[in-house]
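Every chain is numbered from 1 and lettered A, B, ... according to where its sequence line falls, protein lines coming before strand lines. Just so you know, these numbers use all the heavy atoms, side chains as well, and skip hydrogens, waters and symmetry mates.
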Amino acid sequence: MPVSINTTRSFALVDCNNFYASCERLFRPDLKQRPLVVLSNNDGCIIARCALAKQLAIPMGAPFHQVKALLKQQQVAVFSSNYALYGDLSSRVMQTLEQLAPKVEIYSIDEAFLELSGLDFCQNLHDFGQHIRTTIKQQLGLPVCVGIGPSKTLAKLANYAAKKYPQFEGVLDLTEPHKRLHILARTPVHEVWGVGRKLAERLQAMNIDTALQLARACPQQMRKKFSVVLARTVNELNGLACLALDEVQEPKQQIISSRSFGQRVTDKGAMQQAITLYLSRAAEKLRAQQSLARRLSLFIRSSRFEQKSPFFGDQASLELATPSSDSRVLQQAAMQLLDQVWRQGPAYAKAGIVLSDLCAMQGLQTQLFAPPPSERSQRLMAAIDQLNQKHRGSVFIARQGKDGDWQMQRRFLSPAYTTRWDQLPEVR
DNA sequence: TCTGGGGTCCTAGGACCC
DNA sequence: TCTGGGGTCCTAGGACCC
């Protein structure tokens, strides 16, 4: 059979600009002229900055306590992360995109790939990119940039350039090979999708500093020296699409729930509470995607930044005889694991639960001598999930308790403007 | 005082088997 | 002197992504 390479494909990557910062600003027009940053969970470090904040050279990832003085001096507005708000706005952005193009892959909370091949209204890809931009701006008030290319990697790169160089006005189409050279030559290799810090270091040692130099490398050699992933990246940079659009969201293969504590935990009872909460979150996600977990892992650790006492961390895991999504079963198993790893003494900074070895709830292959998961349990859990969906935190395992000093700090939290009736923005 | 959280994929290496 | 060889499966850890 003849092998044909489809060279006419094109992808767009739509990425919201400074997404979390833009979400916060949306409901606070009074902050339009002020720089704004968003903090990570527990108000730990800076994870989003608006354009003005970037100009002030506030570094991404900077620990909050280190830049606090600077933020105050520059009158920067500070927000704790508000995932209820970002998640809701994200799904509105995605719905809008789905109306604009038939094939959409939701890649992250603030990005989506669109397949543009074969859309007849897409004769001029650049104009279509502008159309996406204005539509999202008009309907949701959020700024986005659009990168277009014959492969996902080039669409990503185009998006990077569309953001970086203002003359593109937020849209760049790199479908034409001659337009690429210029941009690729000016893009540092570590900006290429799939090339992180370590890989960039090794490439630079081989005198590959730019995306163009990587594009001109030999894929077979890259495969041999590095991995199949980098070989694919080289092909993608040359306009050969190796990665397809993944429209369907596959169920997750593992579910993690972990948090740093608001205050250090030294007491086992408090740790049990925290673990029980994390476990309930994880089990809820597990049931939401109709899965069961066979493996449960737990980890606890002190702080890596603590100078005075040595770092301590440990983890343990176990396999369930019957895969389960019942919070009570999983919680009991988690308590067992905690007994295994618990050591009195260290000041714990973080703990977490990992559910893995997941399988579909439907059509489960049970072990010969293990009891099948009970239907009663499934109905009970479904009922709890329903109640909690309506009123978050209304039903929980008693061990979890109501409050604890360990709970995360969110001192600068904005209201849940779009997901709670009692917190709707007021117009006066 | 104060340093995020949640994912995926790939590879290497050991265990085990024939 | 000389210690098979190839395949599969599993896990841990690294690297990457947002």
- Message: Both distances below 3.5 Å, Watson-Crick or wobble geometry, any strand: find the nucleotide opposite B/dC18.
- Response: C/dG5
Counting the atoms with a prime plus P, OP1 and OP2 as sugar-phosphate, which does [X] contact under 4.0 Å by heavy atoms, base, sugar-phosphate, or nothing?
X: A/Leu199; answer: sugar-phosphate
X: A/Gln253; answer: sugar-phosphate
X: A/Phe305; answer: base
X: A/Ser257; answer: sugar-phosphate
X: A/Arg301; answer: nothing
X: A/Arg281; answer: nothing
X: A/Arg197; answer: sugar-phosphate
X: A/Asp43; answer: nothing
X: A/Asn41; answer: sugar-phosphate
X: A/Gln254; answer: base
X: A/Val192; answer: sugar-phosphate
X: A/Ile255; answer: sugar-phosphate
X: A/Arg232; answer: sugar-phosphate

- Is the A/Tyr348 ring parallel, tilted or perpendicular to the A/Trp342 ring (thresholds 30°, 60°)?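 Rings of A/Tyr348 and A/Trp342: tilted, as their planes differ by 30° to 60°.
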- Query: Should the ring pair A/Tyr83 and A/Tyr86 be called parallel, tilted or perpendicular, given that the plane angle runs from 0 to 90° and is split at 30 and 60?
  - Reply: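 Perpendicular, since the angle between the ring planes exceeds 60°.
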So that I can tick it off, tell me whether [Y] and [X] are bridged by a salt bridge, with the cut-off set at under 4.0 angstrom between side-chain N and carboxylate O.
X: A/Glu191; Y: A/Lys164; result: no
X: A/Lys163; Y: A/Asp15; result: yes
X: A/Arg287; Y: A/Asp385; result: yes
X: A/Glu105; Y: A/Lys152; result: yes

- C1' atoms of C/dC17 and B/dG4, separation to the nearest Å: 15 Å
- Message: If you assign A/Ser260 and A/Lys68 each to the DNA chain B nucleotide with the nearest heavy atom, which residue ends up on the more 5' nucleotide?
- Response: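 Of the two residues, A/Lys68 wins.
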- Would you kindly compare A/Val228 and A/Gly61 by the position of their nearest DNA chain B nucleotide and give the one closer to the 5′ end?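 The residue closer to the strand's 5' end, by nearest nucleotide, is A/Gly61.
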- Between which nucleotides of DNA chain C, 5' to 3', does chain A make heavy-atom contacts below 4.0 Å?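 Under 4.0 Å from chain A, the extent on DNA chain C is C/dA15 to C/dC18.
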- Message: So if I apply the side chain to side chain contact (heavy atoms under 4.5 Å, CB included) rule between A/Phe226 and each of A/Lys224, A/Met222, A/Arg223, which one comes out positive?
- Response: A/Met222
